Every structure is written in structure tokens, then in C-alpha cells.
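Below is one structure, written out as C-alpha cells, with a few remarks after it.
Every value quoted in this text rests on a predicted model; they were computed, and no experiment measured them. The figures that follow rest on heavy atoms only: side chains count, while hydrogens, waters and symmetry mates do not. Here is how names work: the chains are called A, B, and so on, in the same order as the sequence lines, proteins then strands, and each is numbered from 1.
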2 protein chains.
Amino acid sequence: MVTIKDIAKLANVSRSTVSRVLNNSGYVSEDARKRVEEVIEETGYVPSEQAKSLRTKKTKVIGVILPTIQTETPSRIVTGVGKELAKHGYQILLANTNLDKDKEFEYLDLLKVRQVDGIILIATNTEPELMEKIKAINIPFVMIGQESEEVMYVSYDDYQAARDLTSFLIDEGHEKIGFIGVDETDRAVGHERKRGYLDEMESRKLPVEKEWMQQGIFDIDSGREAMKRMIESIGERPTAVLAVTDRLAIGAMSYLKQQGMSIPDEMAVAGFGASEMSQYIDPPLTTVDYQNEQAGIEAAKQIMASIRSQNVQEKVILDGRLIIRNSV
Amino acid sequence: MVTIKDIAKLANVSRSTVSRVLNNSGYVSEDARKRVEEVIEETGYVPSEQAKSLRTKKTKVIGVILPTIQTETPSRIVTGVGKELAKHGYQILLANTNLDKDKEFEYLDLLKVRQVDGIILIATNTEPELMEKIKAINIPFVMIGQESEEVMYVSYDDYQAARDLTSFLIDEGHEKIGFIGVDETDRAVGHERKRGYLDEMESRKLPVEKEWMQQGIFDIDSGREAMKRMIESIGERPTAVLAVTDRLAIGAMSYLKQQGMSIPDEMAVAGFGASEMSQYIDPPLTTVDYQNEQAGIEAAKQIMASIRSQNVQEKVILDGRLIIRNSV
DNA sequence: CTGTTAGCGCTTTCAC
DNA sequence: GTGAAAGCGCTAACAG
């Protein structure tokens, strides 16, 4: 391996001088600079990031903790983060919890040990212990997808989007509207979207039956199951259903179609997330586009600003954009 | 920041002794060990991976180069790689080319500079210059998804899977079978799957019309377009179509349904990849499951073996498993 | 069993 | 303008 020492020797200068031309810092005579550059060229030398960061305390690596890489939202976010970071010569160290919450804690430690310059967490919850831990870690940090007073974050306006979508359903003539949610420990998806739905229903003076509110987890099958429970319940049947993710909505549609019900005539369906499939499923799904990639870009920008201790925005809240298709 | 020096001082031993208890190497008296461990506990000290790897030349990081993180195959592979690597205390440094082939070269260099202990490439091609570069980089390396005599790889038996699927279609009574492929620079997906299809057709003495062979790129829309071209061509229409990815197949189905054609009665459709949507689309898609996560695990195992210079398998070829559903 | 010493590859004063 | 020297945090002979 060729090191700065070799270059110095070959160019007949000291290591300091080589370092200077490498970093464009301090004075270097044209002559010396030329010699050094030539030798670098010839040898194909590249300085070791290793050694550099031991000295400078900067690794140019950002740790990204995420719950899974197998669904579209986090994938898009990571893509955005990666694109923005690449512009600054930073890279992503991946920490995939595979939905194991304990690992969020573990990875926080691990990333600290690895001396990453910053951490981005694609969050599924905002449990106090987690927030505590993050503050204790004391590394530039940005959370994506959830809100908390304690940390910097990029989030979506889940409440408003849910209200808008519910409002749209009502405007289309629906009065009995069902809801498929998820656990409320996920504040953004579980709590806020539900709150938006409920508030909008209430402000329009529309009743909500208990059986119309079902809960799933994040997969397609649980959407099926939730829809099944809603349909099989005895009371009045809703004419539309709002699912808090596209996957749940797709599961719901799958069940409805299997039962021979027509969408949207017998049951309108809407989701969240603008998944790729939402436009190819039959009928195409009405949903909310959250610009996930943009969220990733914003988070990366924030963390870069934070690292450079520039003026940092404590929070960025992105809007959802309603995409109206034939499922309603 | 608390360093080994601090621990040494506080525990009244030398840095070497601290290092010894840290790494469980060499002899350390019970007494000293206890003192050191206590101090470590109290201070919450964790050794810097930075410094360690400068010394040991091991970073415990594996670079993963991939074309995109937004489709299921690479996501599943990365999940597998991550799981296996985590067992060994290794992490993934992500290098997402966003389908820009030039970046494969750039990232190879970048990962080298970062001194990663190994590189895994989720490959879309096996161009000679790329293979050259990889060998020049001289870091433990495993390629996934493509084959090459030059490097270690984990791949799928694309040829056989394509033959099997074609054979299945024929067994179901189809004689006129169309094909939606991709560019053959992607040897595995473009070339081998096509070869499997053609060989099987030939061995069964079935003709293949030129118009039955269409080409798309990797997205759903291009599947639609390809199907459209096939349907609109003048000659005889096939009764079944084989698409080399599920997304292409889903695009094709989307077009067929839009045209009011019934699947599988008027046109049977089959894909590759066992995408999640394949089971929820209507009708559920016949496809080939490639155990992508397993491929990631295998690749990680190989690279770990290679790093530890244990006996390494030069190649691992995984089978595809036919999943028969109602689209045929 | 333990400490001393040297050094990984680089940056950064501080003199000259 | 340039070099010498120190040091980032750690490991690994080597000597005792």
C-alpha cells in the first residue's frame, strides 16, 4: 500500500508538504506542488480515509437506522438521503433493525462507536427512552417520519393529509366511512392519521361506528383481514374505507374483489403512500403522495448543516399530495 | 472523549493491559482485569473502531454496490447480507448507483479508499472492464446475480428456471408463447432467461414468431408497452406470454385487462421474481421464486470466508422455485 | 503477568 | 514555503 510517506520520498518533500497539496491548505511552491502531483498520478495514491478521520475526527459517514428496506417508503427515503449525501462526499452506513425495536438502541451505540458524523433514523415510534438515548448519544441527529420536540426531524403532515382524504371521500358523497389503521405507538401513521380521519368526520357531523374502525399491521394480509372483519360485522356497512397505508388498502381491495364486490361502486377505497402498485392495481388506488425521496434529501441537508454547525431548521414538515384515481 | 489512556490511568495499569482485557488476548491477572472492567463500566468507555482499524487494517465494514434499492430483488438481497454480516459484527456501507453504470467504477474506488474489508456487488452486467477493475481493486469480492469466471459469485439458475417455466406453459397446453425480455447486457436476466425460453421452445418443436419477442426495460410501464406491441402486431397472437420480471408481467397484465382480455383464458401470463404484488394482483401471477434473501446470506458467508481466508466456494448457484398461480 | 516501545497514515502547530 | 515533531486511539512485539 502506498502511503503519504512514499509520496513524500518520491517527490523529495516532507509529508507535510504532500498533505498541503492534498488539502489545498497553506503555501506550496508551484514546483513542489507539481512534483507531488506527478508522483500521486504515477502511483495512483489515494489518502486513507481511515487515518484521516482518526486525526480529524470526521468519518464522512452517516448512519441510517431503518425498520426495513423492503417497503417503498424507507427505500425511497434512503435513496434521497444517499443522493444528497453523495454530493458532499458522505456515505451511508446501513443499520437495518428488521422491525426489532431493541435494535434501534443497539445500533445507536454501534454507530457511535463507529464514529459516524451523524445519524438519521427512519422512525416508527417516539418512545421517551429512545428520545433520551438519542440525546445522550450526542451526535448530529435527524429523525424522519415522526415528530418530537426533543430532536430535529423531517416529517409529513399526516393529520392534514388524513383530513383532506376523508374530506374528499365525503365530498364524493360518502357518509359511512370505515378506517383501517395501525397501532398508535406509531404516532405519525397510527395516531395522527386516525385523528385526522376522526376530526374530519366529526366536523362534518358524520357518525363513526365502532366496527368501521379496524386495525392491521403493516402488511397486505392484515389489510385483507381488517376488511374482512369490517364486512362480516353485523351493523351497517360503510360505503368507503380509508386505509392508512397503500398496502393495507391493497389488502382490503383484494378481499373485496374476492367477495365479488365492485370497487368503487359498492365500496370505495383509499390509501396513503403512493406506492408503485397503487397505480397498477385494478382499479387504480386513490392515495396520498408523500415525496419520500424529498424527505430523505431534506434530512440529509439538515444533518449536513448540523455537522457544519450552520443554521439548522429544527423541523421540516412536508405536505402530502392527494392523488385521485378510480378506486373512489 | 474517554480513551484507552484514560482507562489505563484510572485502573492503574498500562494501555497494553487494557487492550488485553478488551480483546481477551494474552494473560491478565484477575485483579487487573477486574479493575479495568470496573473502570470501563463506570466511564462507559467503548474503544474507537477508527483507531483500531487503522492499526489492524480491518474495518469490519463491507461495501455493497447496488443498482437501486427501490425494487424488491436488491432490497431482499441487502436484507440477507445485513442479517448475516451482523452476526459477525460487520456492517454495510451502502453504494447506490441509481442505475448509473459509471458509478459502479467510482464506488469501487471509493470503497477501496474507505478500506472496506470486502465488497459485494449486486450486478446488472459483467462487462470486461468492470471485471478487470474488480480484480485490480484486490479486495475480497463477491458478485450477486450474474456469473463470471473471473470472480466469486452467487447467482440463480436463470437458464433452467426459464426452461422450467416455459415447459410448464407448454404442458398447460400453450403452443404459441410470447416473451418479454430485457437488454442482453444483463446476462442473467436478459440473456439466460431468453436462452432458456428459446431452447425449451425449440426442444418442444414449437415455433417462435418474431413479433412474439418483445423487449422492455425494468419497469412496469415498459411491460405494458411490450404487451401492447405484441397484441397490435398483425400476425398470429400468442396464447401465453413469459415476462422476465414480475414487473414486466404486471405491466403486461395491466394492458391486457385494460383491453378487456381475460387472463388466463385469452392470454396466460408468467413472470420471474416472486414479487410481493404477484400474489395480490388479479389473477395472482405464476412466477419463479429466487430466494433473494438467501442469496444475500450466501454472499455474506462467502465474503466472510474470503476475509478469513478460509476455504471459499468460487460459486454458489441457487435454484428458482416455480410458484403456480391462476395467471396461467 | 505487565509495561515499554514503536507505529498504523494522516494533519497540524511551530520553527526555521 | 517547508520540514520536524507531536499526536489522534489503538495494537502488538518484546523484554522483563
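Taking side-chain N and O atoms only, B/S14 has no distance below 4.0 Å to OP1 or OP2 of C/dT4. Contact annotation: B/Y45 side-chain N/O to D/dC10 OP1/OP2 distance is under 4.0 Å. Look at A/K57 and you'll find a side-chain N or O under 4.0 angstrom from OP1 or OP2 of D/dG9.
Few gaps surround NZ on A/K133; more than 12 heavy atoms of other groups in view lie less than 6.0 Å from it.
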Could you give me the CA-CA distance, side-chain angles and deciding distance for B/K83 and B/E293, then say whether side chain to side chain contact (heavy atoms under 4.5 Å, CB included) is met? CA-CA 9 Å; B/K83 281 185 184 171; B/E293 195 170 318; 2.7 Å; yes
Walk me through it: do B/M143 and B/M152 pass the test side chain to side chain contact (heavy atoms under 4.5 Å, CB included)? CA-CA 6 Å; B/M143 178 162 70; B/M152 276 169 52; over 6 Å; no
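For A/S25 against C/dT12, no side-chain N or O and base N or O form a donor-acceptor pair under 3.5 Å. For B/R20 against C/dG3, a side-chain N or O and a base N or O form a donor-acceptor pair under 3.5 Å.
If you check every strand for non-hydrogen atoms under 4.0 Å, A/S19 touches a base. Across all strands shown, B/S48 has heavy atoms under 4.0 Å from sugar-phosphate atoms exclusively, and none from any base. Within 4.0 Å of A/S29, counting heavy atoms only, lie sugar-phosphate atoms of the nucleic acid but no base atom. A/V18 comes within 4.0 angstrom of no nucleic acid atom, judged by non-hydrogen atoms across all strands.
For B/N24 and D/dA12, the CG to C1' distance is 16 Å, given to the nearest whole Å. The CG-P distance, from B/D31 to C/dC1, rounds to 11 Å in whole Å. Following rounding to the nearest Å, B/I7 (CD1) and D/dC10 (C1') show an atom-to-atom distance of 13 Å. Here the P atom of nucleotide D/dG7 and the NZ atom of B/K5 are 7 Å apart, to the nearest Å. Spacing between atom NZ of B/K52 and atom C1' of D/dA12 amounts to 14 Å, rounded to whole angstrom units. In this structure, B/I4 places its CD1 atom 18 Å from P of D/dG7, rounding to the nearest Å. Between the CG atom of B/L54 and the C1' atom of C/dG9 there is a distance of 6 Å, rounded to whole Å. For A/K9 and C/dC10, the NZ to C1' distance is 16 Å, given to the nearest whole Å.
Closest to the side chain of B/R55, out of C/dA6, C/dT5, C/dT2, is C/dA6. Distances from the side chain of B/S16 to the nucleotides D/dG3, C/dC10, C/dT4 place C/dT4 closest. Listed nucleotides C/dG3, D/dG1, C/dA6 differ in distance to A/Y27; the shortest reach to its side chain belongs to D/dG1.
Applying side-chain contact (heavy atoms from CB on, under 4.5 Å) to B/L121 and the options B/V151, B/L111, B/L130 leaves one that passes, B/L130.
Ion pair A/E38/A/R35 not flagged as a salt bridge, since none of the NZ, NE, NH1 or NH2 atoms sits closer than 4.0 Å to an Asp/Glu carboxylate oxygen. With salt bridges taken as basic N to acidic carboxylate O contacts below 4.0 Å, none links A/E147 and A/R187.
Residue A/A32 is the one, among A/R15 and A/A32, whose nearest nucleotide of DNA chain D lies closer to the 5' end (criterion: closest heavy atom).
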